[in-house]
Amino acid sequence: MRRFTLYDSMSREIRAFVPNTPPRVNLFVCGLTPYDEAHIGHARTFVFFDVVARALTRWGYRVFSVQNVTNLDDKLIERAGATGEDPLALAERHFLSWRIACERLAIRSVNYYPHATDYTPEILAQIRTLIDRRYAYAAAGSVYYEVAKFARYGALSGQRTEALRPGARIEVDPAKRAPEDFVIWKAATPGEPTWESPWGPGRPGWHIEDTAITLRLFGPRYDIHGAGLDLIFPHHEAEIALAEGTTGEAPLVNYWMHGGLLTMKGEKMSKSLGNVYALSTALDEFGPMVLRLFYLNAHYRSPLDFVRGKSLEEAREAYATLAQPGQRIDEILEREGPERAGEPLPDELEREAGALPELLDAALGTDFNTREAIALLFGWSRRLAGVGERLETFSGEALTNLATPYDWGREVLGLFERTPSGRAGAWAAVVPIAIAARARARARGDFAEADRIRDELKAAGVRLEDHASGTRWSFAGTG
RNA sequence: GCCGAGGUGGCAGAAUGGUUAAUGCGACGGACUGCAGAUCCGUUUCCUGGGGGUUCGAUUCCCUCCCUCGGCUCCA
């Protein structure tokens with residue numbers, strides 16, 4: 001198991017990672033409330049934690065990665081009520097489209113997506129315990145957590161309840177003993193999905209589902225909790241109060257990781273501001289690899305500004321530069337096989353290729369500095385670009401060695417994946433025929449015909465490039 | 001107001017108590033090309049928000065001020 005460091009938002013410092021029960025690492029990431037389509041801000045967080053899980057796996061840890069799904073809450077009920085759809089069905093519909101987007105994005109590290117409503121028995125049992133331990137009280141058919149009973153409330157966020165400003169969005173609820181108390185069991189209102197409980201029919205509050213899930217799956221203490229930093233207060237503060245109040249054990253979480261938010265022209269991207277760019281649209285327009293590069297090209301704790309018409313276009317150019325030498329190696333190996341004869345690797349190149357994975361792991365092992373790792377990969381791509389056409393002369397073994405850094409990028413960053421679709425497969429059969437026709441036209445000097453073929457392919461989204469070794473083609477604008 | 005994260009070149013965005021502050025995008029010049037694109041090579045001097053302090057040396061550590069963003073019970 002490789003040693004590494006990470007920033008812990010609770011202690012506010014970079015700490016060495018020590019697993020609770022090695023080699024197991026329990027990782028929980030707050031998932032989505034699927035009341036609408038996901039946008040590219042959401043995906044930033046989940047791509048990052050995908051990289052965390054991938055890296056830990058590479059380093060010899062056994063990761064159990066869980067991401068909850070809040071499939072019932074006020075917003076879902078409100079949204080479903082507008083169309084007459086069942087809120088649970090609405091949630092499931094959007095959850096499935098989220099999962100499809102994750103597949104496209106090569107987010108494959110999540111082992112389990114628990115749905116909140118599947119944990120109602122655990123939630124009810126936890127509420128019973130909290131009432132017995134006097135952290136919670138029932139009133140008017142609901143149950144509330146009494147924040148004043150939990151002394152450490154505010155430790156994560158630095159917030160003190162008495163400093164909370166009146167007039168902020170504290171919900172007005174006369175049943176509460178104090179304004180900062182929050183609901184953990186919500187009394188039923190007509191038309192909502194409800195469950196029976198000792199306090200009357202109702203449904204779970206938002207904060208409690210995560211702790212019911214992690215207490216069940218991980219126990220009273222686990223390794224890493226991740227999310228966007230907009231969830232620090234009150235959500236994570238509430239999770240700590242709920243879990244530690246329930247078990248009497250602390251800390252609930254050994255390392256808190258919070259990702260910076262994606263902004264759009266300096267403002268947070270959110271549905272309530274109306275400045276969203278749908279994830280599925282971004283995937284259609286730029287492909288998953290460009291998106292992953294865009295996200296991982298910034299430090300995860302920094303804000304990342306998205307500018308429409310600029311950010312992803314830049315990332316697309318950068319990705320082409322970054323990925324191209326690796327793609328050429330893949331093409332040669334695919335065409336002629338890894339046993340292909342050829343020149344051995346010059347010592348210097350072999351040494352550099354061999355040294356890179358360690359440098360890359362070290363970069364990522366310093367608070368997951370993906371940007372540093374990507375800078376190293378750019379260096380390697382430029383190095384190979386300088387090798388030029390000589391690449392064609394190397395043996396299969398030599399080429400395999402040269403590809404090692406790209407293999408690392410594929411394994412850990414989830415880059416350099418080719419994402420063939422039905423469309424790509426069909427083009428792969430047809431484009432070479434058109435290229436051959438164009439080559440014949442060029443050979444006989446009929447450049448008008450040659451340009452016509454190139455232009456028509458370009459209009460269809462296929463880009464041609466003439467090289468000394470022949471004409472290569474790619475889809476314009478996708479990873 | 002309180003809590004937190006930030007402020008680095010034309011733009012995006014890393015890093016570090018110490019010779020030329022990474023990397024990418026863009027731009028410019030050259031090579032290549034029937035042309036173009038792509039690619040390759042080279043160039044891009046003047047860049048660390050303001051003011052103090054500690055230090056032989058600060059962009060980095062400390063204080064202070066300014067600005068931006070986020071949170072303050074919907075939020076990745």
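Because the structure is predicted, anything quoted here is derived from the model rather than measured. Reminder, nothing fancy here: chain letters follow the sequence lines and each chain counts from 1. When reading the values below, keep in mind they use all heavy atoms of this one structure, side chains included, and skip hydrogens, waters and symmetry mates.
Across all strands, A/Ser9 comes closer than 4.0 Å to no nucleic acid atom at all (heavy-atom distances). Contacts of A/Gly226 with the nucleic acid, taken as non-hydrogen atoms under 4.0 Å apart, are absent. Using a 4.0 Å heavy-atom criterion, one finds that A/Tyr144 contacts no nucleic acid atom at all. Note on A/Leu229: only backbone sugar-phosphate atoms sit closer than 4.0 angstrom, heavy atoms only; bases stay farther off. A/Gly379 comes within 4.0 angstrom of nothing in the nucleic acid, heavy atoms only. Within 4.0 Å (heavy atoms only), A/Leu322 reaches no atom of the nucleic acid at all. Counting non-hydrogen atoms under 4.0 angstrom, A/Gly259 reaches nothing in the nucleic acid. The residue A/Ile374 sits apart from the nucleic acid: no heavy atom pair falls under 4.0 Å.
Comparing the C1' positions of B/A76 and B/C62 gives an interatomic distance of 35 Å, to the nearest angstrom. A distance of about 11 Å separates the C1' atoms of B/U54 and B/C63, rounded to the whole Å. The P atoms of B/G70 and B/C46 are separated by 35 Å, rounded to the nearest whole Å. With C1' as the reference atom, B/U23 and B/U16 are 15 Å apart, rounded to whole Å. When the P atom is compared between B/G50 and B/A31, the two are found 43 Å apart, to the nearest whole Å. Of the C1' atoms belonging to B/G52 and B/G30, the separation is 49 Å, rounded to the nearest Å. Taking the C1' atom of each, B/A12 and B/A27 are spaced 15 Å apart, rounded to whole Å. For the P atoms, the distance from B/U43 to B/U48 is 22 Å, rounded to whole Å.
Distance CZ (A/Phe306) to P (B/C69): 19 Å, rounded to an integer number of Å. Spacing between atom CG of A/Leu457 and atom P of B/A38 amounts to 17 Å, rounded to whole angstrom units. We find that NZ of A/Lys458 is positioned 11 Å from C1' of B/A38, with the value rounded to whole Å. The distance between atom CG of A/Leu156 and atom P of B/C72, rounded to the nearest whole Å, is 14 Å. For the pair A/Arg382 CZ and B/U43 C1', the computed distance is 13 Å after rounding to whole Å. A/Trp256 places its CH2 atom 18 Å from the C1' atom of B/A5, with the value rounded to the nearest Å.
Applying the side-chain contact (heavy atoms from CB on, under 4.5 Å) rule to A/Asp446 yields the partners A/Ala441, A/Arg444, A/Ala448, A/Glu449; only residues at least two apart in sequence or on another chain are considered. Take A/Thr211 and apply the side-chain hydrogen bond (donor to acceptor under 3.5 Å, both in side chains) test, not counting sequence neighbours, and it matches A/Gln126. With sequence neighbours excluded, the residues forming a side-chain contact (heavy atoms from CB on, under 4.5 Å) with A/Thr45 are A/Phe49, listed by chain and number. Under the side-chain contact (heavy atoms from CB on, under 4.5 Å) criterion, A/Arg390 pairs with A/Glu343, A/Pro346, A/Val387, A/Thr393, A/Phe394, not counting sequence neighbours. Among residues two or more places apart in sequence or in another chain, the side-chain hydrogen bond (donor to acceptor under 3.5 Å, both in side chains) test is passed with A/Arg54 by A/Asp50. For A/Tyr295, the side-chain hydrogen bond (donor to acceptor under 3.5 Å, both in side chains) criterion is met by no residue, not counting sequence neighbours.
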Can you check nucleotides 31-34 of chain B for protein contacts, nitrogen or oxygen pairs under 3.5 Å, and list what you find?
residue, atom, partner, partner atom, Å
B/G34, N1, A/Asp451, OD1, 3.2
B/G34, N2, A/Asp451, OD2, 3.0

Expected rows: protein N/O vs nucleotides 10-14 of chain B N/O, under 3.5 Å:
residue, atom, partner, partner atom, Å
B/C11, O2', A/Lys310, NZ, 2.5
B/A14, OP1, A/His299, N, 2.7
B/A14, OP1, A/Ser302, OG, 3.1
B/A14, O3', A/Asn369, ND2, 3.3
B/A14, O2', A/Glu372, OE1, 2.9

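The shortest distance between the side-chain N/O atoms of A/Trp206 and the OP1/OP2 oxygens of B/C75 is below 4.0 Å. Residue A/Tyr7 has a polar side-chain atom (N or O) positioned under 4.0 Å from OP1 or OP2 of B/A5.
Residue A/Ala375 places its side chain closer to B/U23 than to any other of B/U23, B/A76, B/G71. Comparing B/G26, B/G24, B/A76 by their nearest atom to the side chain of A/Cys30 picks out B/A76. Minimum atom distance to the side chain of A/Leu262 is reached by B/A76, of the listed B/C75, B/C72, B/A76. Residue A/His39 places its side chain closer to B/A76 than to any other of B/A76, B/G37, B/C3. You'll find that the side chain of A/Gln159 is closest to B/C3, out of B/A76, B/G37, B/C3.
Note on ring orientation: taking the six-membered ring where Trp is involved, the planes of A/His115 and A/Phe95 are perpendicular (angle over 60°, cut-offs 30° and 60°). Ring planes of A/Phe233 and A/Tyr153: perpendicular class, angle over 60° (limits at 30 and 60°).
Using a cut-off of 4.0 Å between Lys/Arg side-chain N and Asp/Glu carboxylate O, A/Arg335 and A/Glu392 are scored as salt-bridged. Salt-bridge formation is detected for the pair A/Arg410/A/Asp407: a Lys NZ or Arg NE/NH1/NH2 atom is positioned less than 4.0 Å from an Asp or Glu carboxylate oxygen. In this structure, A/Asp451 pairs ionically with A/Arg454, as a charged nitrogen and a carboxylate oxygen lie closer than 4.0 Å.
Separation of atoms CH2 (A/Trp256) and CG (A/Leu229) is listed at 13.5 Å; rounding is to 0.5 Å. The line from OG of A/Ser11 to CG of A/Asn254 is 11.0 Å long, rounded to the nearest 0.5 Å.
Taking a pair as Watson-Crick or G-U with both hydrogen-bonding distances under 3.5 Å, the stems of three or more pairs touching RNA chain B are B:1-7 with B:66-72, B:10-12 with B:23-25, B:26-31 with B:39-44, B:49-53 with B:61-65.
Residue pairs meeting the salt bridge (charged side-chain N to carboxylate O under 4.0 Å, His left out) criterion with at least one partner in residues 231-245 of chain A, sequence neighbours excluded, are A/Arg152-A/Glu244. Screening residues 30-48 of chain A for salt bridge (charged side-chain N to carboxylate O under 4.0 Å, His left out), with sequence neighbours left out, gives A/Asp36-A/Arg79.
Nearest-nucleotide positions on RNA chain B for A/His235 and A/Gly158 put A/Gly158 closer to the 5' end. Between A/Arg12 and A/Ala318, the residue anchored closer to the 5' end of RNA chain B is A/Arg12, taking for each the nucleotide with the nearest heavy atom.
If you check residues 236-244 of chain A against RNA chain B, you find no residue with a heavy atom closer than 4.0 Å.
Aromatic rings of A/Phe294 and A/Tyr319 (six-membered ring for Trp) have centroids beyond the 6.0 Å cut-off, not under it.
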Salt bridge (Lys or Arg N to Asp or Glu O under 4.0 Å) between A/Glu103 and A/Arg99, worked out:
CA-CA 6 Å; A/Glu103 284 297 320; A/Arg99 284 302 314 279; 3.7 Å; yes
